[in-house]
2 protein chains.
Amino acid sequence: MTPEEQRINDKLVGVYNNIVQIEEIELKKSQFKDLSIKEIHTINAIGMYHRKTSSQVAQALNVTPGTLSVSINNLVRKGYAERLRSEDDRRIIHLGLTRKGRLMYRVHQAFHRKMVQSFLRGLNEPEVQMVERALDNLQYFLDQHQGD
Amino acid sequence: MTPEEQRINDKLVGVYNNIVQIEEIELKKSQFKDLSIKEIHTINAIGMYHRKTSSQVAQALNVTPGTLSVSINNLVRKGYAERLRSEDDRRIIHLGLTRKGRLMYRVHQAFHRKMVQSFLRGLNEPEVQMVERALDNLQYFLDQHQGD
DNA sequence: CATTATTATTTTGATATTCAAAGTAGTTGG
DNA sequence: CCAACTACTTTGAATATCAAAATAATAATG
């Protein structure tokens, strides 16, 4: 790698490594100490409105249905999520958040908002667009490596 | 969040989620199928030269010494890493990579290089600097949330 | 309409990752 | 020398994960 590539790689890796960790720390400071980061991401994937099915949420999280099922068991036990059997097709489970789950969702959204605002601090509009372009580039690269 | 914040947040999250997953896929295509992503990151943290101690590597990876110890047991068993007891102070363990571990290190570096190059594709020098600034911003935000 | 196939989800058994706390071994200061 | 400290390892418990088997509901077919 050129020194510049190395430097940017290090920054990407640094940011990458810190993000989960900070989320973990923020979490432990909050009122939701009984949740792991994975569980928070599951709550996020379930989202605010009772619509998605188990399979859809599993797909969004890139885990098998079995993995999700176990994790939903825990979230139900802890009072953050609920299962809602579809009346149309009784095989299907719609997932939803409880009041406590929705509160958690909003707290985590607020954290992400602060993070994004900080990411963009001091950048003007064309600069923001450029950052978006770099992110799109990176996503394109990742998509290309997805299937093969 | 404003629509723009939401869009950039989604891109960050998208990139974030894909990276581990792609690394996992690349890995399974490679000759190192017996390693997990976590183990690769551990190999990376150990680095090419026999210098870092167990504690330093644990700190770099943000895991407890116990976690690292377990993980090093596995890497030693699989032939990627070795423990070198310090002669100066026999409590201290220096970690090193075997030939196989160093090979793995280089393969993973090459992947990162491709990733960074793709991230910066089509950007000129001032644009690259801007992206770096955004990354610095984000890191600054993360650092601020580190200690408190 | 009864049986078979398909679909959605859950359970189970196995392995990995992680932490906190207890344990082991080496060093240092009094 | 012994108490305190430091570096690391082990252990026990929780979560995370998958593949495969199990359950249950619906759809399709003869």
Side-chain angles (χ1 to χ4, degrees), chain A residues 17 20-25 27-28 32-46 50-96, chain B residues 17 20-21 23-25 27-28 32-46 50-78 80-96:
Chain A
N17 288 338
V20 203
Q21 196 192 336
I22 303 298
E23 286 196 329
E24 200 91 47
I25 291 170
L27 189 60
K28 293 305 169 200
F32 305 106
K33 300 188 206 309
D34 59 341
L35 290 173
S36 72
I37 286 298
K38 301 275 182 173
E39 287 174 320
I40 298 217
H41 290 159
T42 304
I43 287 172
N44 255 269
I46 293 172
H50 302 182
R51 280 201 214 87
K52 294 182 197 151
T53 67
S54 272
S55 331
Q56 287 169 338
V57 171
Q59 203 165 14
L61 292 170
N62 269 293
V63 296
T64 62
T67 298
L68 186 70
S69 194
V70 171
S71 148
I72 297 296
N73 288 346
N74 289 327
L75 288 175
V76 168
R77 183 173 43 76
K78 293 178 185 175
Y80 290 95
E82 54 196 5
R83 289 183 162 101
L84 306 158
R85 191 169 286 279
S86 163
E87 282 312 312
D88 298 354
D89 180 340
R90 298 183 46 72
R91 288 170 303 184
I92 294 174
I93 297 284
H94 291 281
L95 297 176
Chain B
N17 288 337
V20 203
Q21 200 189 332
E23 286 195 328
E24 199 91 46
I25 290 170
L27 189 59
K28 292 306 168 199
F32 305 104
K33 299 188 206 309
D34 61 340
L35 289 174
S36 72
I37 286 300
K38 301 275 181 174
E39 287 175 319
I40 298 215
H41 290 160
T42 304
I43 287 173
N44 255 271
I46 293 173
H50 302 182
R51 277 200 220 87
K52 294 181 197 153
T53 67
S54 271
S55 331
Q56 286 168 339
V57 172
Q59 203 165 15
L61 292 169
N62 270 292
V63 295
T64 61
T67 298
L68 186 70
S69 193
V70 170
S71 150
I72 296 296
N73 287 347
N74 291 325
L75 288 176
V76 168
R77 185 171 43 74
K78 294 180 187 173
Y80 291 94
E82 53 196 5
R83 288 183 162 100
L84 307 159
R85 192 169 285 279
S86 164
E87 282 312 313
D88 298 355
D89 180 341
R90 297 183 45 72
R91 288 170 303 181
I92 294 176
I93 298 283
H94 290 281
L95 297 175

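We name chains A, B, ... by the order of the sequence lines, and we start the count at 1 in each one.
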**Prompt:** Any side-chain N or O of A/Ser36 under 4.0 Å from OP1/OP2 of D/dA16?
**Reply:** yes
**Request:** Report yes if a side-chain nitrogen or oxygen of B/Thr64 is closer than 4.0 Å to either non-bridging phosphate oxygen (OP1 or OP2) of C/dC19; otherwise report no.
**Result:**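 Answer is yes, contact under 4.0 Å.
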[X] versus [Y], closest heavy-atom pair with distance:
{"X": "A/Arg90", "Y": "A/Glu87", "result": "NH1-OE2, 3.9 Å"}
{"X": "B/Leu27", "Y": "B/Phe32", "result": "CD1-O, 3.7 Å"}
{"X": "B/Asn74", "Y": "B/Glu39", "result": "CB-OE2, 3.8 Å"}
{"X": "B/Leu68", "Y": "B/Ser54", "result": "CD2-O, 3.1 Å"}
{"X": "A/Arg83", "Y": "A/Ser69", "result": "NH2-O, 3.3 Å"}

If you look at every strand shown and take non-hydrogen atoms under 4.0 Å, does [X] touch a base, only sugar-phosphate, or nothing?
{"X": "A/Thr53", "answer": "sugar-phosphate"}
{"X": "B/Thr67", "answer": "base"}
{"X": "B/Asn73", "answer": "sugar-phosphate"}

How many whole angstroms separate atom [atom1] of [X] from atom [atom2] of [N]?
{"X": "B/Arg77", "N": "C/dT15", "atom1": "CZ", "atom2": "P", "value": "11 Å"}
{"X": "B/Ile40", "N": "C/dA16", "atom1": "CD1", "atom2": "C1'", "value": "15 Å"}
{"X": "B/Ile37", "N": "D/dC18", "atom1": "CD1", "atom2": "C1'", "value": "16 Å"}
{"X": "A/Lys33", "N": "C/dC19", "atom1": "NZ", "atom2": "C1'", "value": "17 Å"}
{"X": "B/Asn62", "N": "C/dT18", "atom1": "CG", "atom2": "P", "value": "11 Å"}
{"X": "B/Leu75", "N": "C/dT17", "atom1": "CG", "atom2": "C1'", "value": "13 Å"}
{"X": "A/Asp34", "N": "D/dA13", "atom1": "CG", "atom2": "P", "value": "20 Å"}
{"X": "A/Leu68", "N": "D/dT15", "atom1": "CG", "atom2": "C1'", "value": "14 Å"}

When you get a sec, tell me which of [options] is the closest nucleotide to the side chain of [X]?
{"X": "B/Val70", "options": "C/dT11, D/dT10, D/dC18", "answer": "D/dT10"}
{"X": "B/Glu39", "options": "C/dT10, C/dT17, D/dA7", "answer": "C/dT17"}
{"X": "A/Arg90", "options": "D/dT26, C/dT18, D/dT17", "answer": "D/dT26"}
{"X": "A/Lys38", "options": "C/dT18, D/dT15, D/dT17", "answer": "D/dT17"}
{"X": "A/Arg91", "options": "C/dT27, D/dA25, D/dA16", "answer": "D/dA25"}
{"X": "A/Ser69", "options": "C/dT10, C/dC19, D/dC18", "answer": "C/dT10"}

**Item:** Closest-nucleotide ordering on DNA chain D, the 5'-leading residue of A/Lys78 and A/Asp89
**Value:**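 Here A/Lys78 is the residue nearer the 5' end.
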**Prompt:** Hey, which of these two, A/Gly66 or A/Arg85, hits DNA chain D nearer its 5' end, going by closest nucleotide?
**Reply:**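 Comparing both residues, the 5'-ward one is A/Gly66.
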**side chain to side chain contact (heavy atoms under 4.5 Å, CB included) evaluation trace for B/Leu35 with B/Ile43** = CA-CA 10 Å; B/Leu35 289 174; B/Ile43 287 173; 3.9 Å; yes
